[in-house]
Amino acid sequence: MDKTYNPQDIEQRWYKHWESQGYFQPSGTGDPYCIMIPPPNVTGTLHMGHAFQDTIMDSLIRYHRMKGDNTLWQPGTDHAGISTQMVVERQLNAEGKTRHDLGRDKFVERVWDWKEESGGEITQQLRRLGASPDWSRERFTMDDGLSDSVGNVFEQLFDEGLIYRGKRLVNWDTVLHTALSDIEVLNEEENGHMWHFRYPLADEQGNATDEHLIVATTRPETMLGDSGVAVHPDDERYQHLIGKFIKLPLVGRLIPIVGDDYADPEKGTGCVKITPAHDFNDYEVGARHNLEVINIFDDSAKMNDTVPEAYIGMDRFDARKKIVTDLDALGLLDVVKDHKLMVPRGDRSGTVIEPYMTDQWYVKVAPLAGPAIEAVESGRIKFVPDNYKNMYFSWMTDVQDWCISRQIWWGHRIPAWFDDSGKVYVGKDEAAVREKYSLGSELALRQDTDVLDTWFSSALWPFSTLGWPNKTEALQTWYPTNVLVTGFDIIFFWVARMIMFGLKFMDGEVPFKEVYMHGLVRDAEGQKMSKSKGNVIDPLDVIEGITLDDLLEKRTKNLMQDHTRDSIAKATLKQFPDGIPAFGTDALRFSFAALASTGRDIRFDLQRIEGYRNFCNKLWNGARYVMMQTEDKDIGLDNPNRELSQADRWIVSRLQKTSAEVAEHFEKYRFDLAAKALYEFTWHEYCDWYLELSKPVLFADDVSDSAKHGTRYTLVTVFESILRLLHPIMPYITEEIWQDIKPLLAITDDTIMLQSYPVADNSLDDAEAESGMTWAQDFIVGIRKIRSEMDIKPGKVLPILIANWTEQDQALYASCTREILSLAKIEPVKWLTSDETAPESATALVGDMQILIPLAGLIDKDAEIKRLNREIEKINTSLQGVLGRLNNPAFTDKAPENVVAQVQKQADEQQAALDQLQQQLVKIEAM
RNA sequence: GGGUGAUUAGCUCAGUUGGUAGAGCGCUGCCCUUACAAGGCAGAUGUCAGGAGUUCAAGUCUCUUAUCACCCA
């Protein structure tokens with residue numbers, strides 16, 4: 001083995017081996033355990049969020065696989081309608097073509113070609129992370145089986161009246177010409193203006209008067225579609241105007257003044273213009289007052305022919321300018337103020353999204369939401385952390401119908417056909433439709449041109465991937481799945497919809513029993529990572545390392561806004577002056593696990609991961625020591641006469657506790673605590689103490705073979721258990737080392753990933769060994785402290801006297817003498833009898849027992865006095881607090897007996913220690 | 001405006017059913033001790049955001065104020 005740990009030497013090799021051997025496939029025996037991967041976009045690449053999420057899932061999967069469960073991690077990707085279409089359109093543009101030049105069928109073919117060639121890069125990146133899903137079952141939301149599921153579901157929901165066609169406001173992308181879901185719309189604060197317009201009141205004859213109401217708007221162009229003005233019904237300034245009319249400038253339309261709570265008297269003038277066709281809130285207000293819905297845009301947000309001729313055909317932003325100018329000319333522009341406002345932009349096109357009236361397909365959600373709420377209320381689905389269920393409830397109880405149609409070409413084409421009169425027929429294909437509705441061949445049908453929202457197929461993912469609608473064995477085995485691991489940001493878009501569809505189509509069975517919500521991965525400053533901020537860290541760069549130049553290049557190319565380039569470069573230079581060193585997959589994964597506490601966002605900082613890289617190195621070097629001590633040596637594998645020392649029994653006992661703890665933390669999704677327990681045990685108990693304790697036994701000539709066998713055997717078996725305990729979190733390094741270790745234990749299996757996960761064996765708990773080791777550790781540390789504080793050379797072997805001892809102390813010393821002498825670097829101790837007086841010495845306490853290091857020539861008297869005073873001060877402060885409580889009758893009367901007894905014991909111990917140290921101080925001072 | 005979460009060592013965070021605060025990193029001193037300097041040994045550091053209450057006892061429970069973050073409107 002190399003002296004230092006080099007992750008890049010081992011990772012790829014093992015992954016290929018595991019995958020080629022089919023180790024990721026379910027075993028076919030044991031309790032079923034299943035996780036569905038949240039399907040990443042087929043166009044996507046791996047980011048920190050994926051890496052975090054997949055680390056959690058893979059750790060759970062590997063843990064359950066090792067536990068012997070029939071474990072399936074179902075992988076796959078989704079077809080990501082809009083982004084995928086855009087990727088291919090961009091390629092076409094580069095060739096000087098558009099998708100319309102190709103036509104729909106050819107275009108879709110071209111997208112498939114792209115998907116086969118370059119889609120799914122992310123699945124390769126997942127492999128780099130060590131993820132172990134069953135790739136042989138990989139699915140894609142557009143493959144045949146899943147597409148059939150989508151069609152089935154659509155038809156059934158339509159036939160039951162749960163899917164309908166309706167005209168509503170949607171988020172309209174005026175460049176891509178399609179509806180978008182809320183999650184595809186990014187709301188960001190931008191600088192804009194607030195324009196105040198004077199709207200003239202109309203007289204009885206409908207003519208404009210000199211009286212005005214002042215309305216404020218951030219979007220002047222929409223005034224052409226105004227069909228009302230709202231004031232608050234209780235607003236005394238305007239109450240008398242309700243029911244009267246406004247003569248809308250430029251248009252000349254008479255529009256009513258209505259009283260509605262939506263108008264906020266505190267905001268602006270308290271009057272608000274209502275444009276039902278172009279604002280979600282206004283639409284609601286309009287519906288309440290029967291206001292006309294006047295659409296003034298075409299699909300590209302150019303003015304259509306409902307507006308006065310002067311504006312027809314104008315782009316919305318040009319129209320805005322002209323309208324402001326025109327109103328100003330009429331003296332109707334009151335003021336213009338600078339104003340910050342939230343602007344919705346399409347996450348793909350970057351253009352401002354319009355609320356726009358279009359014909360779309362909708363799913364009627366209310367009937368599906370009831371059972372979905374019940375499933376969580378009843379506890380059939382649990383959220384981890386629990387409080388996310390409130391977010392779920394609040395959304396589900398006030399849920400809007402779901403717009404499922406998209407005006408693009410790539411996706412599941414809606415299986416609906418229209419005849420010339422506009423009547424709708426839904427079925428699998430045209431032939432099926434004709435059959436189902438008994439339509440003659442003379443009736444012309446044309447299929448709806450829209451496709452379904454990608455989330456529609458994602459909502460079926462938990463059962464469509466398992467073969468539904470066929471009652472496959474997989475479906476019967478793994479549905480309902482065990483846990484969904486996901487971010488809270490898609491709780492509505494995906495989680496809720498999977499629950500609704502799962503319950504609907506799987507006979508009321510939930511799609512998963514638990515939902516584990518993880519937080520967001522942020523940068524070291526707590527900022528969200530984003531391309532435009534230039535603070536993105538690619539997980540693969542953390543694994544493989546990246547030079548500063550490459551990192552700068554990566555962060556500053558293809559920026560939307562040029563002026564951010566310098567500040568990004570500057571920040572990058574400051575944070576990563578030497579780029580990022582290669583930390584390896586295992587260190588990255590362990591970091592994610594260690595940071596994953598109760599759904600909180602995590603700050604990713606390199607110092608933390610460096611610490612865990614060091615942990616890998618520690619494990620690596622621990623392995624080297626174990627190998628050196630056991631390779632080509634007899635470890636007494638088949639020898640039942642192995643003699644176990646107290647230290648051996650101690651580390652075995654500690655291992656049981658650690659195994660139990662780690663298992664408990666895995667069950668409760670506390671990966672941070674599991675990681676911490678493993679780190680603590682591996683480094684601070686096994687490496688810091690046990691390895692050192694083994695040395696005096698293994699290096700000595702006068703130790704029996706059976707004792708050496710016992711220690712070697714313990715050294716190897718405990719280490720092998722550590723590897724198995726760590727494997728779900730750190731798959732590569734544990735496999736690499738395990739391959740070296742396994743021959744020592746005559747293990748012939750091929751891989752650690754299919755070994756059993758360590759289970760705590762209570763029969764190996766050893767309270768005696770643990771208390772004995774605590775005593776020995778106190779002894780050793782007591783001496784080390786004096787050595788360090790008194791500036792005695794670490795190598796100097798000290799003579800030691802023991803005073804105020806009991807027979808039990810002697811027995812404890814005897815049970816661990818060799819180790820104590822070696823680790824404390826002392827000569828065999830001399831037990832002082834009560835009539836012997838000790839020479840001037842420095843003192844350490846183990847309980848009541850005094851460890852004396854004679855001062856002669858070694859120790860500075862004044863230094864020891866100072867040290868003693870410090871100790872005394874420390875104990876005294878603590879003792880005062882404890883005594884304060886004991887002297888309080890309220891405490892002794894009311895607190896439970898065991899608590900009082902415990903405090904009393906504390907007081908006694910501290911008092912005794914204090915007495916001893918004070919006596920010692922008097923003695924030394926007298927010298 | 002409504003809701004949720006956060007506020008603990010210089011930094012990043014743990015802290016179980018209330019019993020008097022911990023880790024990693026950083027910092028200080030000593031040490032190249034034959035697994036490891038990506039290391040070893042030892043050490044320092046806290047008005048647990050502020051206030052009030054319940055209790056013998058509050059980082060932990062209740063109320064309140066402040067600041068920050070996110071979700072919804």
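Predicted, not measured: the structure shown is a model, and the values here were computed from it. Any value given below was found using the heavy atoms of this structure, including those in side chains, with hydrogens, waters and symmetry copies removed. Chain letters run A, B, ... following the sequence lines, proteins first, then strands; residues in each count from 1.
- Taking the six-membered ring where the residue is Trp, A:Y392 and A:F383 present tilted rings, their angle falling between 30° and 60°.
- Taken from CG in A:N869 to CZ in A:R867, the straight-line distance is 11.0 Å, to the nearest 0.5 Å.
- A:D398 comes within contact range of no nucleotide atom at all, as no heavy-atom separation falls under 4.0 Å.
- In this structure, of B:C36, B:G39, B:U4, it is B:U4 that holds the atom nearest to the side chain of A:N387.
- The A:K793 side chain lies nearest to B:C31 when the options are B:C31, B:G40, B:G43.
- A gap of 9 Å separates the C1' atoms of B:U60 and B:G15, to the nearest Å.
- Aromatic pair A:F671/A:Y516: ring centres closer than 6.0 Å.
- Rounded to an integer number of Å, the gap from A:I491 CD1 to B:G5 P is 14 Å.
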**Study point:** Strand RNA chain B as a dot-bracket string - pairs counted if Watson-Crick or G-U with both distances under 3.5 Å, | where the partner lies in another strand
**Key:** (((((((..((((.....[..)))).(((((.......))))).....(((((..]....)))))))))))).

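- Across the protein-nucleic acid pair, A:M391 atom CE and B:C70 atom C1' stand 7 Å apart, rounded to whole Å.
- Comparing B:A38, B:A42, B:C31 against the side chain of A:Y5 picks out B:A38 as the nearest.
- Taking atom CD of residue A:E284 and atom P of nucleotide B:C72, one finds them 16 Å apart after rounding to whole Å.
- Taking side-chain N and O atoms only, A:W683 has a distance below 4.0 Å to OP1 or OP2 of B:G40.
- In the set B:A37, B:C56, B:A42, B:A42 carries the atom at the smallest distance from any side-chain atom of A:R784.
- Ranking B:U12, B:A69, B:A42 by closeness to the A:K785 side chain, first place goes to B:A42.
- The nucleotide whose nearest atom lies closest to any side-chain atom of A:N617 is, among B:G19, B:U12, B:A38, B:A38.
- Comparing atom distances between the A:S597 side chain and each of B:U12, B:A14, B:U20 picks out B:A14 as nearest.
- Using C1' as the reference atom, B:A9 and B:A52 are 27 Å apart when rounded to the nearest Å.
- The side chain of A:Y625 has B:A35 as its nearest neighbour among B:C36, B:A35, B:G24.
- Distance from the side chain of A:L673 is smallest for B:A14 among the nucleotides B:A42, B:U20, B:A14.
- Using a 4.0 Å cut-off between a side-chain N of Lys or Arg and a carboxylate O of Asp or Glu, A:R603 and A:D523 do not qualify as a salt bridge.
- Within the 4.0 Å cut-off from OP1 or OP2 of B:A42, not a single side-chain nitrogen or oxygen of A:R867 is found.
- Using a 4.5 Å cut-off on side-chain heavy atoms (C-beta onward), A:F681 and A:L725 make no contact.
- Between the side chains of A:Y283 and A:T275, no donor N or O sits under 3.5 Å from an acceptor N or O.
- Looking only at atom types and distance, the side chain of A:Q902 has no donor-acceptor partner in the side chain of A:N898 under 3.5 Å away.
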